[in-house]
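Scroll down for the structure; my scribbles are underneath it.
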Amino acid sequence: MPTVKELLAHARVRLAETETPSLDARLLLQHAAGLDHVALVADPDLVVSAEVAAQFEVMVARRAAYEPVSRILGKREFFGRSFKVTPDVLDPRADTETIVELCLQLLPEGQRLRVLDLGTGSGILAVTILAERPLATGVAVDLSPAALDVARQNAVRVADRIDLLESNWFSHVDGRFDLIVSNPPYIPAADVLRLDIEVRDHDPHLALDGGADGLACYRAIASGCVHHLFERGYAIVEIGAGQQTDVTEIFIAQQFQLIAQSQDLGGHVRALAFQKKP
């Protein structure tokens, strides 16, 4: 029967065309064998059962076909927590952590705040913000019932402080909020089919398609924020690379002002924070 070292070496060859073959192989083997990173490193000559080796081979084949590791594992690490992901929700990216960091910079600790997450998907934004701000309560909405089922499972850790609603943006939302946050679809419709295979074939197109110019969702969000934010409340959105000027103009047209922004690891402006003009 094969050893950990042998399986990893074989997998690295199979995954040579992926971006991070060594990391991917390790994560998949950890999952298949029920081991952590320390155990793999400590004993590379550990013999693995035939059943585990067979399961690992199937997982490696899926990854070699450019299925994302998070899809294979059914989970994604985000802001220090593990979230369930399925084909019904967008696979959270590390870039999206920038929007959480911006939210936390602007939301004071120790206050009872009300948060709305639009297009919640897996629920990562709402759940992470509420977990980081224990006195906050929230509403998370999505147009997809299947996505809301995933969000509901991820929201167990803050279940007493969050409501999940099926809603087309603000259509079923009542009341006002201290923070409205969203990572909306922002890919121009014509570009969706030209995305990398890992995104195009594995993320739901409902979570990608931002209309003809990629900005349709921002128009809906900005117009709704006017009626659903408290006087000094914040609207914070994730944007695509190069969309800063266009999205800012959309919010300015609704009498908001840009008050803060943050960059992702690639140096692109990824999150914008707006506030109603006094």
Side-chain angles (χ1 to χ4, degrees), residues 78 83-92 96 99-100 103 107 112-131 133 136-187 189 192 203-231 233-240 247 250-251 253-254 256 271-276:
F78 183 85
F83 288 84
K84 178 178 180 177
V85 294
T86 75
D88 296 308
V89 299
L90 189 74
D91 182 8
T96 298
I99 195 172
V100 174
C103 290
L107 291 181
R112 299 185 182 279
L113 305 166
R114 197 159 184 248
V115 176
L116 172 64
D117 179 12
L118 295 168
T120 194
S122 62
I124 58 161
L125 289 180
V127 172
T128 301
I129 292 167
L130 295 191
R133 293 291 182 265
T137 59
V139 176
V141 308
D142 204 286
L143 186 60
S144 165
L148 286 173
D149 286 341
V150 178
R152 193 168 288 110
Q153 294 174 65
N154 285 325
V156 167
R157 67 196 82 185
V158 295
D160 59 332
R161 295 187 285 123
I162 191 169
D163 294 315
L164 292 106
L165 302 175
E166 184 178 339
S167 181
N168 185 7
W169 301 122
F170 295 94
S171 63
H172 290 82
V173 173
D174 295 319
R176 293 180 181 268
F177 300 85
D178 299 283
L179 168 68
I180 296 176
V181 64
S182 184
N183 176 16
Y186 52 67
I187 307 298
V192 170
D203 277 327
H205 284 202
L206 181 65
L208 299 172
D209 188 342
D213 61 357
L215 303 171
C217 300
Y218 297 107
R219 297 185 182 97
I221 293 169
S223 62
C225 283
V226 173
H227 308 289
H228 289 281
L229 273 177
F230 287 125
E231 190 63 31
Y234 302 107
I236 304 179
V237 294
E238 180 171 329
I239 63 171
V247 174
I250 288 170
F251 276 86
Q254 296 292 338
F256 284 88
L272 302 176
F274 299 95
Q275 195 171 41
K276 287 183 181 180

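In what follows, residues are counted from 1 in the order of the sequence shown. All heavy atoms count here, side chains included; hydrogens, waters and symmetry mates do not.
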Find out whether Ile180 and Phe170 are in side-chain contact, i.e. whether some heavy atom of one side chain is under 4.5 Å from a heavy atom of the other. yes

Please walk me through it: do Asp88 and Asp149 pass side chain to side chain contact (heavy atoms under 4.5 Å, CB included)? CA-CA 9 Å; Asp88 296 308; Asp149 286 341; over 6 Å; no

For Lys276, does the NZ atom sit with more than 12 other heavy atoms under 6.0 Å from it, leaving out its own atoms? yes

Any side-chain heavy atom of Leu130 within less than 4.5 Å of one from Arg157? no

Measuring only between side-chain heavy atoms, which start at C-beta, is Asn183 closer than 4.5 Å to Leu90? yes

Under 3.5 Å: donor-acceptor pair, side chain of Asn168, backbone of Leu143: no

Side chains of Thr96 and Leu125, heavy atoms from C-beta outward: is any pair under 4.5 Å? yes

Atom CG of Asp91 and atom OG1 of Thr86: how far apart are they, to the nearest 0.5 Å? 10.5 Å

Atom of Leu179, atom of Cys103 and distance for their closest heavy-atom approach: CD2-SG, 3.9 Å

Yes or no on side chain to side chain contact (heavy atoms under 4.5 Å, CB included) for Val100 and Phe78, after CA distance, side-chain angles and deciding distance? CA-CA 10 Å; Val100 174; Phe78 183 85; 3.8 Å; yes

Aromatic ring pairing Phe177/His228, orientation class (parallel under 30°, perpendicular over 60°, tilted between): tilted

Exam field: side chain Thr120 to backbone Asp117, donor-acceptor pair closer than 3.5 Å: no

Does any N or O in the side chain of Arg133 come within less than 3.5 Å of the main-chain N or O of Leu107, such that one atom is a donor and the other an acceptor? yes

For residues 206-215, tabulate all N or O donor-acceptor pairs below 3.5 Å that involve a side-chain atom, not counting sequence neighbours.
unit_1, atom_1, unit_2, atom_2, d
Asp209, OD1, Gly211, N, 2.9
Asp213, OD1, Leu215, N, 2.9
Asp213, OD1, Arg219, NH1, 3.4
Asp213, OD2, Arg219, NH1, 3.4
Asp213, OD2, Arg219, NH2, 2.6

Please check if the side chain of Ser223 supplies one atom and the backbone of Ala220 the other of a donor-acceptor pair under 3.5 Å. yes

Using side-chain heavy atoms (C-beta onward) and a distance below 4.5 Å, is Phe83 in contact with Pro92? no

Using side-chain heavy atoms (C-beta onward) and a distance below 4.5 Å, is Phe256 in contact with Val226? yes

Restricting to non-hydrogen atoms, name the atom on Trp169 and the atom on Pro185 that form the minimum distance, rounded to 0.1 Å. CH2-CD, 4.1 Å

Using atom types as modelled and distance alone, determine if a side-chain donor or acceptor of Ser122 lies under 3.5 Å from a backbone N or O of Val85. no

Scanning both residues in full, the closest heavy-atom pair of Ala136 with Arg161 reads O-NH1, 2.7 Å

Taking all non-hydrogen atoms of both residues into account, name the closest pair between Arg176 and Leu229 and its distance. NH1-O, 2.9 Å

Below 4.5 Å, heavy atoms only, C-beta onward: do Ser182 and Tyr218 meet side chain to side chain? no

Which atom of Ile99 lies closest to which atom of Ala271, heavy atoms considered: CA-CB, 3.9 Å

Residue pair Asp142 / Gly119: nearest heavy atoms and the distance that separates them: OD2-C, 3.3 Å

Atom CZ in Arg114, atom CG in Asp178: separation rounded to 0.5 Å? 9.0 Å

With under 30° as parallel and over 60° as perpendicular, where do the rings of Phe274 and Phe251 fit, or are they tilted in between? parallel

My understanding is that only residues two or more places apart in sequence, or in another chain, count here; which of them pass salt bridge (Lys or Arg N to Asp or Glu O under 4.0 Å) with Asp163? none

Should the heavy atoms of other residues, nucleotides or ligands under 6.0 Å from NE2 of His172 be counted, would the total exceed 12? no

Between Asn154 (side chain) and Ile124 (backbone), is there a donor-acceptor pair under 3.5 Å? no

